[in-house]
Every structure is written in structure tokens, then in C-alpha cells.
Amino acid sequence: MNRAFTKTNLKHLTGILQRFQSTLVVAEHNNEKLTPITLNAITAASKLGGEVSCLVAGTDCAKVAEEISKVQGVKKVLVAQHDSYKGSLPEELTPLVLATQKQFNFTHICAGASAFGKNLLPRVAAKLDVAPISDIIEVKSPDTFVRTIYAGNALSTVKCNEPVKVFTVRGTSFEAAASEGGSATSEDVAATSPAGVSEWISQSLTKSDRPELTSAKVVVSGGRGLKSGDNFKLLYDLADKLNAAVGASRAAVDAGYVPNDMQVGQTGKIVAPELYIAVGISGAIQHLAGMKDSKTIVAINKDPEAPIFQVADYGLVADLFKVVVELIRRQLCLARTAKRETH
Ligand SMILES: Cc1cc2nc3c(=O)[nH]c(=O)nc-3n(C[C@H](O)[C@H](O)[C@H](O)COP(=O)(O)OP(=O)(O)OC[C@H]3O[C@@H](n4cnc5c(N)ncnc54)[C@H](O)[C@@H]3O)c2cc1C
């Protein structure tokens with residue numbers, strides 16, 4: 001058999017198969033704006049080859065549908081509006097995803113691996129009687145994905161033989177799809193009748209002018225070394241000088257210093273900013289699992305043996321209460337100098 005010929009055929013066949021892929025990305029949004037992780041999920045979906053459609057389900061979400069229609073790589077936006085989609089409850093959204101799947105026969109269904117995706121897609125997979133794949137960090141081929149195991153200490157390559165591949169996407173592992181330049185068509189899909197097994201009553205969100213933790217370019221995180229919630233004010237001040245988000249270790253969250261939506265790590269949020277500043281954090285593997293892909297890591301810790309220094313690009317063995325105050329003071333000086341130079 002001619003080897004080169006076989007290889008060409010194989011490539012050709014792969015190309016044909018990829019054209020038959022069609023992926024549904026379930027969009028996460030608040031009826032006003034798309035949540036950034038959906039753009040990362042769209043990039044992952046685009047890597048499968050084939051068409052990418054996005055499902056926008058909400059109460060009054062025309063604005064979001066329009067936003068997605070401009071995202072590069074999206075071919076079709078499916079829009080479903082109903083009061084029961086308030087709060088994006090998985091019990092209400094699952095029948096809609098299943099009905100959409102029945103209508104369009106997608107080969108893949110995915111969403112970002114945020115609380116929204118983690119809440120919804122396992123339910124969808126169970127209803128389709130397929131095994132879901134969570135938190136993928138790479139698409140090798142339409143049926144083969146890479147994900148981390150053992151708190152990020154090993155990579156597992158998973159081949160999925162299910163007729164429909166259902167997976168969630170780690171946002172930090174895929175670039176965000178360009179939010180301009182696309183021209184997807186939009187189609188209304190019929191809302192499913194309310195399941196009525198759960199009800200969205202209200203939500204209270206932390207209001208902050210700081211950037212969102214998972215998409216911030218700079219993150220300042222504090223650990224048990226801060227010693228109290230009041231002392232986190234130091235980190236908020238530093239973060240405001242750097243236009244950074246503030247994160248925390250689980251020990252800081254468990255001690256009640258800060259709310260749990262600030263937790264970074266295996267059981268918290270996964271972040272990969274340009275700059276991650278770990279303050280008074282020892283660097284347990286469960287914490288590293290959530291931040292070790294950051295481009296530059298700075299650690300401030302008084303213990304030179306702290307494991308965080310093994311992953312840090314820059315380490316400062318010092319008392320955080322002295323260093324952070326000094327950093328804020330220097331940032332202030334820098335800002336003043338820059339202001340004087342522009343005048
Ligand atoms: C299943 C499981 C899941 C987990 N998930 C997570 C997770 O998602 N995220 C997470 O963070 N952890 C997680 N943990 C917990 C993790 O194992 C650690 O207990 C936790 O990360 C420790 O937090 P810490 O570094 O703030 O506290 P510590 O380990 O107590 O470290 C505090 C550090 O502060 C330093 N320090 C103290 N005072 C000062 C000072 N004045 N100046 C400078 N440095 C100072 C100390 O030297 C020390 O290194 C998980 C654990 C388990 C078992």
C-alpha cells in the first residue's frame with residue numbers, strides 16, 4: 001500500500017468528518033451582556049471543525065443575541081425567551097437544550113466551565129445518557145480532549161465515543177473569540193414548557209468596581225497570612241492602584257476573611273492573569289491548581305521555605321504588612337510622576 005497516498009486520504013477523510021461536526025455552545029449571560037467565558041468556549045468549539053451555533057436562553061435577551069451574532073466563528077444564534085429561564089436554572093434550561101439537540105442533531109454540546117456550565121451540562125449529559133467531559137484544556141480532535149487531573153498535577157487525554165460529546169471548557173486555556181467581525185444568522189427556537197421543579201427567587205451579587213476575577217489581567221490574592229478580613233483592605237488598596245481583581249486562598253475564605261466567590265484554586269476559580277501576586281499564601285497544590293498558569297507570579301511570604309516560591313517568577317521573603325504598604329506608597333509615587341510628566 002502506498003503510505004503517502006494513505007496519509008493524504010486520511011487527512012482528506014478527517015477534513016470531511018470535521019465538516020460534519022456541529023457544535024452547540026450554551027451562552028452564559030445576564031440578559032444584558034455575555035459572560036466572557038462563553039467567548040473562550042466558542043474558540044474551543046471552533047477547534048472541532050464544523051459549524052458553531054450558540055444558544056441564548058433568557059427572559060429579555062435580544063441584546064445578548066445581537067452581541068453573539070458578531071462573534072467570529074459563530075454561524076447561527078438560537079434564541080429562546082421565557083420567564084422560566086430567569087436565573088438560568090439548570091432544571092429549566094436542560095429541557096430546552098435537549099429540544100434544541102433533537103431539532104438540530106449537534107455532535108457536540110459545550111459551555112464554559114463556570115458555575116453555570118458546571119451546573120447545567122452534567123444534567124444535560126445525564127438526560128442524553130452520555131458521559132460528560134469536564135473542564136477541558138485542549139481539543140486534540142473531535143473526539144479527543146485533554147483535561148487536568150490530581151489538582152492539575154497530571155494531564156489526562158480522553159477519547160470520547162459517545163454519540164454526542166458534552167463538555168465544559170476551561171476559560172483560561174483557550175483565547176477568547178473575537179467579539180467583532182462575525183455575522184451569524186439568528187433564529188428563534190420555541191421555549192419549552194416550564195419544568196417547575198425549582199424557582200429562581202432572587203440573587204445578591206457582590207458589587208465591585210474592580211475587574212472580574214477570572215478575566216482580570218492582574219490579580220492580587222491574599223491568604224491566611226493576612227490574619228483578618230480587615231487586613232484585606234491593604235490588598236484592596238494595592239489592587240485599586242494596579243487595576244487588579246482580588247482573590248484569596250481557601251484558608252482565608254474558610255476563616256471568614258472574605259466571601260467564597262473570591263477563592264482561587266481547585267475548588268475555587270481558575271485564573272491565568274498576566275500578573276498574579278500571592279500575598280501571605282503558602283502555595284498548597286490545591287491553590288496552585290487555580291493560578292499556576294498565570295504569566296508572571298509574584299509571591300510575598302515571610303517563610304523562605306513556602307512552596308509558593310517554587311512556582312514564583314519573583315519572590316519576596318518579607319513581612320507582608322511592611323511590603324504591601326511600601327508597594328502602595330511606591331505605586332502612588334509612580335502615578336504622581338506619570339501625571340506630572342503628562343502635564
Ligand atoms: C479537597 C481540597 C480542596 C482545596 N481547594 C482549595 C482551593 O481551591 N484553594 C485554596 O487556596 N486552597 C484549597 N485547599 C486548601 C489548601 O490545601 C490549603 O490549606 C490552603 O490553600 C492554605 O491557604 P493559605 O496558603 O492561605 O494558608 P497557610 O497554608 O496557612 O499559609 C499562610 C502563609 O502566610 C505566610 N505568612 C503568615 N504571616 C505572614 C506575614 N506577616 N507576611 C508574609 N507572609 C506571612 C505563612 O508563611 C504561610 O506560608 C483545598 C484543600 C483540599 C483538601
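All values below come from the heavy atoms of this structure, side chains included, with hydrogens, waters and symmetry mates left out. Counting convention: from 1, in listed order, for ligands and their atoms alike.
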A.B. asks: Using heavy-atom distances, let me know which of Met291, Lys302, Gln286 sits nearest atom 52 (C) of ligand 1.
C.D. replies: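 Answer by nearest heavy atom: Gln286.
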A.B. asks: Given Ser282, Ala299, Pro304, Gly268, which has its nearest heavy atom closest to atom 29 (O) of ligand 1?
C.D. replies: Ser282
A.B. asks: With a 4.0 Å cut-off on heavy atoms, is Ala289 touching ligand 1?
C.D. replies: no
A.B. asks: List every atom of ligand 1 that sits less than 4.0 Å from any heavy atom of Ala251, numbering the atoms from 1 in the order shown and giving each element.
C.D. replies: 22 (C), 23 (O), 24 (P), 26 (O), 27 (O)
A.B. asks: Which ligand 1 atoms, with their elements, are less than 4.0 angstrom from a heavy-atom of Lys227?
C.D. replies: 37 (C), 38 (N)
A.B. asks: If you measure every N or O of Ala306 against every N or O of ligand 1, does any of those distances drop under 3.5 Å?
C.D. replies: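 N/O-N/O distance under 3.5 Å: no.
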A.B. asks: Which word best sums up how the rings of Phe167 and Phe145 line up, parallel for under 30°, tilted for 30 to 60°, or perpendicular for over 60°?
C.D. replies: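 Correct class here is tilted.
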A.B. asks: For atom 36 (N) of ligand 1, what is the closest protein heavy atom, and at what distance to 0.1 Å?
C.D. replies: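 Answer for atom 36 (N) of ligand 1: Gly225 CA, 3.7 Å.
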A.B. asks: So do the side chains of Thr296 and Glu274 get within less than 4.5 Å of each other, counting heavy atoms only?
C.D. replies: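 With C-beta onward as the side chain, the pair stays apart.
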A.B. asks: Could you pull out, from Asn301, Asp303, Ile285, the option with a heavy atom nearest to atom 46 (C) of ligand 1?
C.D. replies: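 Among Asn301, Asp303, Ile285, the closest heavy atom to atom 46 (C) of ligand 1 belongs to Asn301.
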A.B. asks: Considering only heavy atoms of Gln266, which atoms of ligand 1 have at least one such atom less than 4.0 Å away?
C.D. replies: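 Within the 4.0 Å cut-off of Gln266, ligand 1 contributes 7 (C), 8 (O).
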A.B. asks: Please indicate whether any nitrogen or oxygen in Ile300 is less than 3.5 Å from any nitrogen or oxygen in ligand 1.
C.D. replies: no
A.B. asks: For atom 34 (O) of ligand 1, find the nearest protein heavy atom and state the residue, atom name and distance (0.1 Å precision).
C.D. replies: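 Of the protein heavy atoms, Gly280 O, 3.0 Å lies nearest.
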A.B. asks: So if I count the atoms of ligand 1 from 1 in the order they appear, which ones are less than 4.0 Å from some heavy atom of Gly265?
C.D. replies: 7 (C), 8 (O), 9 (N)
A.B. asks: Can you report which non-hydrogen protein atom sits closest to atom 41 (N) of ligand 1, along with the distance?
C.D. replies: Asp319 OD1, 3.1 Å
A.B. asks: Looking at non-hydrogen atoms alone, which of Val323, Ile270, Thr267, Val317 comes nearest to atom 5 (N) of ligand 1?
C.D. replies: Thr267
A.B. asks: Using a plain distance cutoff, I'd like to know if Leu320 has any nitrogen or oxygen under 3.5 Å from a nitrogen or oxygen of ligand 1.
C.D. replies: yes
A.B. asks: Between Glu187 and Thr185, does any side-chain donor sit less than 3.5 Å from a side-chain acceptor?
C.D. replies: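 Judged by distance alone, the side chains do not pair up.
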A.B. asks: Verify side-chain contact (heavy atoms from CB on, under 4.5 Å) between Asp237 and Leu234, making sure each step is shown before the conclusion.
C.D. replies: CA-CA 5 Å; Asp237 288 349; Leu234 270 179; 5.6 Å; no
A.B. asks: Between Asp135 and Arg170, does any side-chain N to carboxylate O distance fall below 4.0 Å?
C.D. replies: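 The answer is yes: the pair qualifies as a salt bridge.
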A.B. asks: For Phe321, counting its heavy atoms only, list the atoms of ligand 1 lying under 4.0 Å from any of them.
C.D. replies: 41 (N)
A.B. asks: Which residue and atom name correspond to the protein heavy atom nearest atom 27 (O) of ligand 1, and how close is it?
C.D. replies: Arg224 CB, 3.5 Å
A.B. asks: Step by step, would you call Glu28 with Ile37 a side-chain contact (heavy atoms from CB on, under 4.5 Å)?
C.D. replies: CA-CA 8 Å; Glu28 179 177 351; Ile37 197 168; 3.5 Å; yes
A.B. asks: Taking only Lys NZ, Arg NE, NH1 and NH2, and the carboxylate oxygens of Asp or Glu, determine whether Asp143 and Lys159 approach each other closer than 4.0 Å.
C.D. replies: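 Result for this pair is yes, salt bridge flagged.
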A.B. asks: Please check if any side-chain donor atom of Tyr276 sits under 3.5 Å from a side-chain acceptor atom of Ser221, or the reverse.
C.D. replies: yes
A.B. asks: Would you call Lys33 and Glu67 a salt bridge, taking side-chain N to carboxylate O under 4.0 Å as the test?
C.D. replies: yes
A.B. asks: Which residue holds the protein heavy atom closest to atom 24 (P) of ligand 1, what is that atom called, and what is the gap in Å?
C.D. replies: Ser249 OG, 3.5 Å
A.B. asks: To which protein heavy atom is atom 7 (C) of ligand 1 closest, and what is the distance rounded to 0.1 Å?
C.D. replies: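 Here the nearest protein heavy atom works out to Gln263 NE2, 3.2 Å.
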A.B. asks: If the cut-off is 4.0 Å to any non-hydrogen atom of Ala318, which atoms of ligand 1 fall inside it?
C.D. replies: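 So the atoms of ligand 1 that pass are 42 (N), 43 (C).
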A.B. asks: Counting N and O atoms only, with roles assigned by atom type, does the side chain of Asn301 sit under 3.5 Å from a partner on the main chain of Ile281, one being a donor and the other an acceptor?
C.D. replies: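 At least one qualifying donor-acceptor pair exists.
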A.B. asks: Are any non-hydrogen side-chain atoms of Leu226 and Val279 less than 4.5 angstrom apart?
C.D. replies: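 Heavy-atom side-chain distance check passes, below 4.5 Å.
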A.B. asks: Which is closest to atom 10 (C) of ligand 1 in terms of heavy atoms, Lys322, Arg250, Lys269?
C.D. replies: Arg250
A.B. asks: For atom 38 (N) of ligand 1, is there a protein heavy atom at a distance under 4.0 Å?
C.D. replies: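 It does; a protein heavy atom is within 4.0 Å.
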A.B. asks: Between Pro211 and Ala244, what is the shortest heavy-atom contact and its length?
C.D. replies: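 Scanning both residues, the minimum pair turns out to be CD-O, 3.5 Å.
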A.B. asks: Start with the C-alpha distance between Lys76 and Glu51, add both sets of side-chain angles, then the distance that settles salt bridge (Lys or Arg N to Asp or Glu O under 4.0 Å), and finish with yes or no.
C.D. replies: CA-CA 8 Å; Lys76 199 188 292 173; Glu51 262 184 41; 5.0 Å; no
A.B. asks: Using a strict cut-off of 4.0 Å, indicate which atoms of ligand 1 neighbour a heavy atom of Ala284.
C.D. replies: 16 (C), 17 (O), 18 (C), 21 (O)
A.B. asks: To which protein heavy atom is atom 9 (N) of ligand 1 closest, and what is the distance rounded to 0.1 Å?
C.D. replies: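 Sorting protein heavy atoms by distance from atom 9 (N) of ligand 1 puts Val264 O, 2.8 Å first.
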A.B. asks: Give the atom numbers and elements of ligand 1 that come within less than 4.0 Å of a heavy atom of Gly223.
C.D. replies: 26 (O)
A.B. asks: Within the 3.5 Å criterion, strictly below it, is a donor on Asn231 or Ser228 matched to an acceptor on the partner's side chain?
C.D. replies: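 Side chains of Asn231 and Ser228: pair found under 3.5 Å.
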A.B. asks: I'd like to know if Arg329 pairs up with Glu326 as an ion pair, taking the criterion as any Lys NZ or Arg NE/NH1/NH2 lying under 4.0 Å from an Asp or Glu carboxylate oxygen.
C.D. replies: yes
